[in-house]
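The analysis underlying the following values was restricted to heavy atoms, covering all of them including side chains, and did not include hydrogens, waters or symmetry mates. To find a chain, count down the sequence lines: A is the first, B the second, and so on, and within it residues start at 1. Small disclaimer: the values here were computed from a predicted structure and weren't measured.
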There are 2 protein chains.
Amino acid sequence: MAACNTSSIRRDCFTCQSRERAEWCALNKEELRLLDKAKVVREYRPGEVIFHQGDPCRGVHCFETGMVGLRKIDADGNSILLGLAYPGDTLGYRSFLVGEDHGASAETLKPSTICFLDGATVRTLLKHNPALGLQFLQTVARELGAAEERILQSVTLSVRARFAHLLLVLKDRYATSGKDGRFELELPLARQDLAAMIGIRPETMSRAIKQLEEDGVAYFSGRSVAVPDVKRLLREIEPESYL
Amino acid sequence: MAACNTSSIRRDCFTCQSRERAEWCALNKEELRLLDKAKVVREYRPGEVIFHQGDPCRGVHCFETGMVGLRKIDADGNSILLGLAYPGDTLGYRSFLVGEDHGASAETLKPSTICFLDGATVRTLLKHNPALGLQFLQTVARELGAAEERILQSVTLSVRARFAHLLLVLKDRYATSGKDGRFELELPLARQDLAAMIGIRPETMSRAIKQLEEDGVAYFSGRSVAVPDVKRLLREIEPESYL
DNA sequence: CGCCAGGTTGATTTCGCTCAAGCAATGTGG
DNA sequence: CCACATTGCTTGAGCGAAATCAACCTGGCG
């Protein structure tokens with residue numbers, strides 16, 4: 001609802017840490033100046049919506065700090081979390097590139113700082129600097145690979161296996177310790193959002209967690225998870241593995 | 001195994017009908033000459049494999065005539081058809097762009113003519129002509145949108161609804177008649193491949209077909225399907241629709 | 001304090017998979 | 001030309017995984 005006050009700290013694209021990890025690293029000084037002038041910074045509280053599925057796509061969003069989730073809803077109201085986005089990511093670029101309305105919603109999961117870039121500016125930059133387009137090409141192609149992988153997994157793997165896979169993915173970003181096979185991590189998501197990540201009901205998520213605990217694969221307490229042996233987790237995904 | 005004889009008819013990129021529908025329409029005369037010189041034409045019989053999942057990706061394939069399927073297999077041997085490709089499509093570009101091994105296999109479903117373009121040539125062209133990159137960007141972005149749609153559908157829709165959706169997609173390409181709501185189409189796929197398209201077992205496909213017939217939604221005979229009313233099919237996907 | 005969203009648990013049902021058999025069309029070798 | 005594999009499709013019976021429905025519990029928070 002109420003917009004947060006615009007950044008008290010001066011934000012500029014030249015010193016932006018996220019930029020260097022993003023597609024925009026392809027830009028030169030002059031282009032950066034254009035970027036910097038065009039951007040509109042905005043702070044979001046957790047749970048705010050950056051754009052809605054179905055909204056016309058007027059540009060892209062540069063994700064500077066925080067955490068956001070991409071949610072997709074179908075005609076019956078079923079929704080899943082397509083994925084999480086992190087600082088350095090660009091949001092809404094897919095819809096922008098094909099000139100469609102947004103195919104998913106983006107909402108903040110933690111306090112976030114996100115810049116908006118209007119379509120005209122992005123188009124200018126794309127036309128002006130071919131390297132930028134190639135950067136995006138890389139990103140989209142990687143995303144597409146991940147999406148295809150996920151299609152396969154969603155129809156072939158059990159809930160348990162998909163959840164194990166999710167834990168492994170989250171581990172790479174959130175694991176706090178990693179001595180031998182053991183590791184722990186703080187989940188960035190509530191149960192129901194974990195469920196939405198693999199397209200299941202919250203009840204089923206509860207039961208899956210219980211099962212993994214009973215089998216000694218992982219232990220849950222609030223948002224923290226302890227995994228005694230990564231290999232056990234891996235074996236959930238490839239049953240006949242020779243680990 | 002045995003390679004078919006190379007095209008008896010002279011194939012060249014200048015007059016290639018498929019090219020104009022493909023990303024390569026962005027190329028000028030000079031670049032086309034390069035393309036034409038680099039390409040290796042090959043004819044395939046039905047069921048031949050163009051590239052295997054896991055193979056190193058040495059370039060891309062330009063699909064001139066025929067029909068091919070993209071198949072993805074997981075560690076347990078479960079496989080699904082990611083999709084079908086048609087003349088004008090470029091195959092294997094995703095793996096090529098991110099520099100990975102092929103993430104899926106491509107196999108011909110009908111006799112096909114497909115040109116191979118080595119990676120070096122494609123890289124040269126991409127660097128030389130920014131518009132080509134933007135064309136690919138469009139393509140990948142569109143594909144990504146479709147893939148995300150499919151992820152959602154695969155976890156939220158029933159087999160029946162997914163099959164209805166598949167029929168509607170095939171209709172757009174293969175429908176033979178379309179008076180009022182009625183239409184007929186020749187399926188380009190065997191039952192087991194239809195099943196693989198939506199990630200189910202052949203047995204389940206049989207039963208789904210039977211159900212739709214019992215409910216008067218669609219009638220199957222060999223590879224031909226008759227649908228008396230498209231709206232019935234649409235309603236399968238959005239139950240609470242107000243059609 | 002009562003309320004409420006998020007989470008857990010249990011009972012039941014439904015959907016799709018597995019396993020197994022049978023069948024028709026096609027091909028193959030003797 | 002016939003006996004026989006092979007392949008694709010269908011059908012049935014039983015099972016298991018996940019959804020659904022419903023209750024209840026918990027920890028904030030006004």
(message) Just the rounded figure in Å: distance from P of dT8(C) to CD of E214(A).
(response) 13 Å

(request) Check the distance between dG7(C)'s P and R223(A)'s CZ and give it to me in whole angstrom. (result) 7 Å

(message) What is the separation between atom CG on L157(A) and atom P on dG16(C), rounded to the nearest whole Å?
(response) 18 Å

(request) Report the distance from atom CG of L194(B) to atom P of dG8(D), rounded to the nearest whole Å. (result) 14 Å

(message) Need one value for I200(A): base, sugar-phosphate or nothing, where a base atom within 4.0 Å counts as base even if backbone is also close, heavy atoms only.
(response) sugar-phosphate

(message) Does dA17(D) have its OP1 or OP2 closer than 4.0 Å to a side-chain nitrogen or oxygen of R160(A)?
(response) no

(message) Nearest whole Å is fine: how far is dT14(C) C1' from E203(A) CD?
(response) 15 Å

(request) Mark yes or no: R42(B) above the aromatic ring of F116(B), with NZ or CZ under 6.0 Å from the six-membered ring centre and no more than 45 degrees from the axis. (result) no

(request) With the side chain of Q192(A) defined as its heavy atoms from C-beta on, choose the nearest nucleotide among dG6(C), dA22(D), dC9(D). (result) dG6(C)

(request) Would you indicate, yes or no, if dG12(D) has its OP1 or OP2 atom less than 4.0 angstrom from a side-chain nitrogen or oxygen of K210(B)? (result) yes

(message) Measuring from the side chain of R191(A) (C-beta onward, heavy atoms only), which nucleotide among dG7(C), dT18(C), dT10(D) has the closest atom?
(response) dG7(C)

(message) Would K171(B) and F183(B) count as a cation-pi pair here, with the cationic atom under 6.0 angstrom from the ring centre and within 45° of the axis?
(response) yes

(request) Find which nucleotide of DNA chain C each of S206(A) and V155(A) is nearest to by heavy atoms, and output the residue with the more 5' nucleotide. (result) S206(A)

(message) What is the separation between atom CZ on R162(B) and atom C1' on dC15(C), rounded to the nearest whole Å?
(response) 11 Å

(message) Taking E149(B) first and then K72(A), would you say they form a salt bridge - that is, a charged N and a carboxylate O separated by under 4.0 Å?
(response) yes

(message) Assess the residue pair R162(B) and Q153(B) against the criterion (side-chain hydrogen bond (donor to acceptor under 3.5 Å, both in side chains)); give the C-alpha distance rounded to whole Å, side-chain angles, the decisive distance to 0.1 Å, and a yes or no.
(response) CA-CA 7 Å; R162(B) 277 185 280 159; Q153(B) 293 196 342; over 6 Å; no

(message) Between S18(B) and E64(B), do the side chains contain a donor N or O and an acceptor N or O under 3.5 Å apart?
(response) no

(request) Would you mind reading off the distance between L187(A) atom CG and dG7(C) atom C1', rounded to a whole angstrom? (result) 14 Å

(message) Looking at T204(B), I'd like to know whether one of its side-chain N or O atoms comes within less than 4.0 Å of OP1 or OP2 on dC17(C).
(response) yes

(request) For E213(A) and dG7(C), give me the distance from atom CD to atom P, rounded to whole Å. (result) 15 Å

(request) Determine the contact category for R207(B): base if any of its heavy atoms lies under 4.0 Å from a base atom, sugar-phosphate if only primed atoms, P, OP1 or OP2 are that close, otherwise nothing. (result) base

